[in-house]
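What follows is a set of notes on a single structure, which appears directly below.
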Amino acid sequence: MAEVHRLAPISRTPGKSTVYGAWERFVRGADDVRGVRPEVLVSWLRCRDRYRVDPNITEAPVAVAEVDHPLEHDVVFAELGFRAATVAHEVSNAGGVVTVTDATGRILAEWGDQRTRDRAAQANLAPWFSWAEGSTGTNGMGTALESHAPVVVRGAEHWCQAFHDWNCAGVAVRDVVTSEPIAALNISCWRNELPDAAGAWLSNAATRTRSTLRKRAQDGCAELIAAYNHARARAGVSLAALDPAGQVVIADDRASVLLGVPGSTPATDPAARWNPGLPELVRVARYAAGQAAHNPDWVGSTQIFTHLADEPTPINIRPVFLAGHLVGTLVELGVSDAEQLPRAEGGGNQGSPPRIVAMRDSRLVLLRHPEISFAESEGNDVWLTTDQGRLRAASGSLDKLESEQGGAGFLRVHRRYVVNIGRVREVERRFKGEMLLVMDDEQSTMVPVSRRNAPAVRRELDL
């Protein structure tokens, strides 16, 4: 069953003075800010330190003229526009406006109360303008595109002071395979509370739009598996089929050993694909998707480290399309006879943030890499064991932390653990071959190493 996100209840007592005081302190450079919701604090941090958005701007900037996107995005825009139009009358009666944006935060269309729309136009809350978080700061549309859950931004929670009279609620529609944002739907009210039904309207519109994407993904998966079966029948090489996010849809017996996934078992559900835990393979899949989008006949080759192999394995990558839409790639393991992919200089993710953001109560904690011993996944949260104690990571995904910090000395060693290799104190081997890492935190925590991740750990520790 698809995960359903719900908007947080809209408070009738938002505590404007408390939030405004916190906003003033944060804009001046303070990190110890109390009384602000964690998701808003994380957004503020992006606005101030990453995007450097001027909090004193009074209107949104003009959107860029050209954006490259596939046909599927246009289908989503049309579907969301229809959903927005169906609630426009009710939103208008509540004195609000409803907007649809693309993945870059450009407003494509707007409906609602005419007086509110006139007020919104003064801030460029209208088509042709950009409300991406990177250009206009914390707001319902832009922050929803950065988040994997619906968001509410009330009053002084907006990064730019000129928008403190607005209350907004937004939800992003994401690709069901790659999780990349496609569009956002937003409801905004000026100096009024959002309608009680706002959360239900947004959630329903997003759910119905995602159903169109799920059907498309199912058709694409069937085409990818058919291409896999056809290639396997005529080629004597190890073979795997990957979706555009780098997750394994199906692999033959030998490829399954190298990739650490079940053999000959198709994973058709986009939300439950096989994750090989190989960040380099994900990079290759995404690079191939980018190349194939411009040249459908493109075929590439490279080498990657796989599980249970101490030397890199050569691979070929071939894109698979359905009606002009890229649905994945076929990966031939053990051969390399096509155009060579560029290697990432220095390895890892060169765009890794210089710090990892954690939360302590309602405060942001900015952690340097050496301060973190390891990360552990518990349910929907990621917990960091650090020199400052055990803290909840702002990122709710261990996969995301791994991909962002893989080039900074962090390594996935188990489905539940990512460790800072520089803080491994001892390696303990059990009589059945199990490997445990003894970390250098106060408790000398013993972190298990899964069998498929053991070769990568041995390489990193020179064992």
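Position 1 is the first residue of the sequence; numbering continues from there.
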Side-chain donor/acceptor of [X] to backbone N/O of [Y], under 3.5 Å:
X: R423; Y: M439; value: no
X: R416; Y: E376; value: no
X: H325; Y: L322; value: no
X: T265; Y: G263; value: yes
X: R360; Y: Q388; value: yes

May I ask you to test the [X]-[Y] pair for a side-chain heavy-atom distance under 4.5 Å?
X: H414; Y: V449; value: no
X: L145; Y: T143; value: no
X: V327; Y: D243; value: no
X: I317; Y: L330; value: no
X: Q291; Y: Y287; value: yes
X: L384; Y: L367; value: yes
X: T268; Y: Q218; value: no
X: I315; Y: V284; value: yes

Do [Y] and [X] meet the salt-bridge criterion of a basic N to acidic O distance under 4.0 Å?
X: D441; Y: R425; result: no
X: R390; Y: E378; result: yes
X: D219; Y: K215; result: yes
X: E180; Y: R174; result: no
X: E157; Y: R37; result: yes
X: R208; Y: E79; result: no

Any idea how [X] and [Y] line up, ring-wise: parallel (<30°), tilted (30 to 60°), or perpendicular (>60°)?
X: F163; Y: W131; answer: tilted
X: W23; Y: Y20; answer: parallel
X: F26; Y: W159; answer: perpendicular

Heavy-atom closest pair, residues [X] and [Y]:
X: R48; Y: A30; value: NH1-O, 3.2 Å
X: A205; Y: L80; value: O-CD2, 4.3 Å
X: A251; Y: Y228; value: C-OH, 3.4 Å
X: P150; Y: V171; value: CG-CG2, 3.9 Å
X: A323; Y: R216; value: O-NH2, 4.5 Å
X: V151; Y: A144; value: CG2-N, 3.7 Å

Say you draw a straight line from [atom1] of [X] to [atom2] of [Y]; how long is it, rounded to the nearest 0.5 Å?
X: I107; Y: N186; atom1: CD1; atom2: CG; value: 8.0 Å
X: D102; Y: L108; atom1: CG; atom2: CG; value: 5.0 Å
X: T385; Y: Q443; atom1: OG1; atom2: CD; value: 7.5 Å
X: R273; Y: C221; atom1: CZ; atom2: SG; value: 4.5 Å
X: L239; Y: D253; atom1: CG; atom2: CG; value: 12.0 Å
X: F410; Y: N420; atom1: CZ; atom2: CG; value: 4.0 Å

Taking atom types as modelled and ignoring hydrogens, do the side chains of [X] and [Y] form a donor-acceptor contact shorter than 3.5 angstrom?
X: E133; Y: T138; value: no
X: N453; Y: S450; value: yes
X: S135; Y: S130; value: yes

Derivation of the side chain to side chain donor-acceptor pair (under 3.5 Å) call for N139 and T136: CA-CA 8 Å; N139 69 87; T136 316; 5.3 Å; no
Please assess L366 against V357 for the test side-chain contact (heavy atoms from CB on, under 4.5 Å), listing each intermediate value before the final yes or no. CA-CA 5 Å; L366 307 182; V357 182; 4.0 Å; yes
Check the pair S43 / E146 against side-chain contact (heavy atoms from CB on, under 4.5 Å), numbers first and verdict last. CA-CA 8 Å; S43 174; E146 300 270 0; over 6 Å; no
Heavy atoms from other residues, nucleotides or ligands near CZ of R459 exceed 12 (cutoff 6.0 Å): yes
side-chain contact (heavy atoms from CB on, under 4.5 Å) between V53 and C160: does it pass, once the steps are laid out? CA-CA 8 Å; V53 179; C160 296; 4.1 Å; yes
Quick one, L242 with L281, criterion side-chain contact (heavy atoms from CB on, under 4.5 Å). Give me CA distance, side-chain angles, the key distance, then yes/no. CA-CA 10 Å; L242 275 60; L281 184 62; 3.7 Å; yes
